[in-house]
Amino acid sequence: MDIEKVHRAILGTWAEERQRSRKIVEDPAMWRDDILAMPEHRERTLEQLKLLAEKGTPRLSFPKHLGGGENPGGNIAAFEELFLADPSLQIKSGVQFGLFGAAIMHLGTEPHHDRLLPGVMSVDIPGAFAMTETGHGSDVSSIGTTATYDAETEEFVIHTPFRGAWKDYLGNAALHGRAAVVFAQLITKGMNHGVHAFYVDLRDEHGEFLPGVGGEDDGVKGGLNGIDNGRLHFTNVRIPRENLLNRYGDVAPDGTYSSPIESPGRRFFVMLGTLVQGRVSLDGSAAVAQQAALAIAITYGNQRRQFDNTGSGRETMLLDYGRHQRRLIPRIATAYASTFAHDEFLREFDAVFSGEGDTPERRADLETLAAALKPTSTWQGMDTLQTAREACGGAGYLAENRLTLLRHDLDVYTTFEGDNTVLLQLVGKRLLDDYAAKFKDADARESARLVVAQAASRAFRDIGLARLGGAAYDFGSSARSVGWIRRPENQRALLAARVEEPISEIAMALNRASKQPGRAAAVFNALQDKLITTAGAYGELIQWEAFTRKLEEFEPESETHRILTWLRDLFGLSLIERDLSWYLMSGRLTNKRARLVSSYIARLVGRLRPHAQSLVDAFGYTDAHLRAKIASGAERERQEEAAAYYERLRASGDLPEDERAVYRAKRKQAKQSKR
């Protein structure tokens, strides 16, 4: 395999920015120190954040006239690689530059940029992003904090009227934050205009809360303890009218509200949509986590030996065990799919946020992609880290080999920037909307015909006759059936059906319920789990398609193309194997083809076993990035030392006899004498 060419593909569109960030990660000053207690870890992370600001990568997203790079895609690519320095540093950086700073940049206007962003970029003003409340996490539109305008003083009064309205889980809130972007219900002239963002000072130069501001420390967490997460509350805190970040909504001195977006609902979603970069970056960070975990586990599996199964005097390498291969090699395929899908996703993000392709339609698509891919990849990352940890045995549990602590830190990525389950429900709603759009322009007769066709198609599948393009002769030969499941058009048809058929069933059930007063909400709730599962399958379909497109960059007849095609097939067929019961019950696969899915996966895993090390080496991580002793070559040295020791004993004649061997020889001789 051409490792260098695959490495370039892994680095993606912003290779230079990724490599620059990887050089930063190699600096020991940026590394996590696992022996530090939480208070010391927090202070080290703050100092690392300031050092990172000096190195310049966080400036990539900011305006050029302030010293930034106006390079949104490159900024995210560089940010994602920080995961391997210390996830706490990565997320504290994300809070400072990607949430606090990005909210000022995207929700504010040029006066806000010129006045506030220099302090953000230099970390002279550490900041918090105060959106989430104790009582409202994902339901941002229902937050309780208010910003009531006082026309006499031309000030907003920020207030948390009850305990559930406290801002919670906020990075930089417990200790370091000097200011925050606070999301609150904007009230003026007796009218609530919904959630808007306000710049609010929190602490003085001595780190003491300003009058009316209070808070608590969230304390020790399951991970990311280098970040000072905390709670904030406000008691009638007055801020200047100019501290409203007014790109999408403004208040005149007399209290008159105005907005370029008339619809309150649309205005709310546009404001939140400008902050989608957090989900984009977590998707890429999860891909980095998968790559690192597999680089550690595969390297260790190719060096660690256990049990002399052949009587050769050398124990068997872990990765030569079939079960070990089946656990790890399909996850290499997942990591590649996640990485390639993320690069396409990042290009779309850059097109929208650079202004080159910023349209309402593309923003809506970007939000759907974010809601689909962030849950998919973060759950894949958690699964891969846990599997890699177990595959490395007790060594994988040691902090020095990083897998356990990285898993602890990644855990919350499934929750913040949008809870995964809630995000997938948004994806499901979009899929339902797209399905409904098929009927929008059809007259009653055509709509009826489409519904009947859907029902007839489903009934056809229910008795196992639908072949999705598979000809009858395929079923007479196992070889032909294997050929059928290898074809990418058939893999795609199966993966797409896993999305399209449930969506059509849910849509028709909701349509029927809509005609019965009071039934729609209950029916939707009953179908919620099915909708979310289907949305997850949609995220995986996106990954499979991205992997397939990436194959076009390699010479069709090359060995590299062949290996990566096997890897793509392994990814797709592993998804199909996981959902075999659905494919059988829906009639999408016959029993014979269903059995062949698993047998062909086993064949692919065997083919890829000799290339496993090359596939993870192509990620391009060095010992300074991984910092796992079991992946440093130390295990190979131990194995070679042990082998050399026994070889010397055998050569010298000093190797003691093995009682088991003597016993087996006696038994064999006894059996022969009986004959």
Side-chain angles (χ1 to χ4, degrees), residues 1 3 34 292-332 384-406 563 602-603 605-619 621-675:
M1 192 178 84
I3 295 177
D34 295 330
L294 290 162
I296 294 168
I298 292 292
T299 300
Y300 183 64
N302 266 327
Q303 296 178 6
R304 171 76 173 180
R305 293 176 179 272
Q306 197 78 78
F307 303 110
D308 181 5
N309 296 298
T310 62
S312 64
R314 291 299 303 271
E315 293 173 296
T316 301
M317 198 175 287
L318 287 187
L319 203 56
D320 285 337
Y321 287 104
R323 177 59 178 165
H324 212 74
Q325 296 169 18
R326 198 68 155 75
R327 295 168 84 182
L328 293 177
I329 293 177
R331 288 174 172 82
I332 300 176
T384 296
L385 279 164
Q386 182 63 24
T387 301
R389 204 294 295 158
E390 293 179 22
C392 293
Y397 197 62
L398 298 180
E400 69 180 19
N401 293 317
R402 303 197 69 196
L403 293 169
T404 295
L405 295 181
L406 288 178
I563 292 167
R603 192 185 308 177
V605 168
R607 288 176 180 172
L608 288 165
R609 186 320 178 205
H611 307 288
Q613 191 67 52
S614 296
L615 287 165
V616 298
D617 287 348
F619 297 147
Y621 290 118
T622 65
D623 288 345
H625 298 129
L626 300 177
R627 304 193 301 284
K629 291 186 178 180
I630 55 173
S632 66
E635 181 62 31
R636 178 183 285 116
E637 291 176 9
R638 285 193 290 269
Q639 295 290 336
E640 291 175 352
E641 179 189 24
Y645 169 77
Y646 287 116
E647 186 59 39
R648 286 196 302 272
L649 283 181
R650 277 190 289 270
S652 66
D654 294 332
L655 184 68
E657 281 193 278
D658 187 336
E659 183 185 7
R660 292 170 299 177
V662 172
Y663 177 73
R664 286 194 295 268
K666 285 181 177 178
R667 294 214 31 184
K668 184 178 180 180
Q669 187 176 9
K671 286 180 181 178
Q672 289 174 344
S673 64
K674 288 180 180 179
R675 294 175 187 168

On a heavy-atom basis, which atom in [X] and which in [Y] lie closest, and how many Å separate them?
X	Y	value
Ile630	Gln303	O-OE1, 4.1 Å
Met1	Ala618	CE-CB, 4.4 Å
His625	Arg402	O-NH1, 2.9 Å
Asp34	Ala399	OD2-O, 3.8 Å
Ile296	Asn401	CD1-O, 3.9 Å
Ala388	Ala293	CB-O, 3.8 Å

Euclidean distance, [Y] [atom2] relative to [X] [atom1], rounded to 0.5 Å:
X	Y	atom1	atom2	value
Glu647	Glu640	CD	CD	13.5 Å
Glu641	Arg636	CD	CZ	15.0 Å
Gln306	Thr316	CD	OG1	9.5 Å
His324	Glu390	NE2	CD	11.0 Å
Ile329	Ile298	CD1	CD1	6.0 Å
Leu318	Arg327	CG	CZ	10.0 Å

Walk me through it: do Thr404 and Tyr397 pass the test side chain to side chain contact (heavy atoms under 4.5 Å, CB included)?
CA-CA 6 Å; Thr404 295; Tyr397 197 62; 3.7 Å; yes
Using a 6.0 Å cut-off, check whether atom CD of Gln672 has over 12 heavy atoms from anything other than its own residue.
yes
Only one of Leu615, Ile332, Leu385 forms a side-chain contact (heavy atoms from CB on, under 4.5 Å) with Leu294, so which one is it?
Ile332
Is it true that a side-chain atom of [X] and a backbone atom of [Y] form a donor plus acceptor pair closer than 3.5 Å?
X	Y	result
Arg609	Val605	no
Arg304	Gly301	no
Arg650	Asp654	no
Thr387	Thr384	no
Tyr300	Gly396	no
Glu315	Asp308	no

Passes salt bridge (charged side-chain N to carboxylate O under 4.0 Å, His left out), Arg638 versus Glu635? Steps please.
CA-CA 5 Å; Arg638 285 193 290 269; Glu635 181 62 31; 2.6 Å; yes
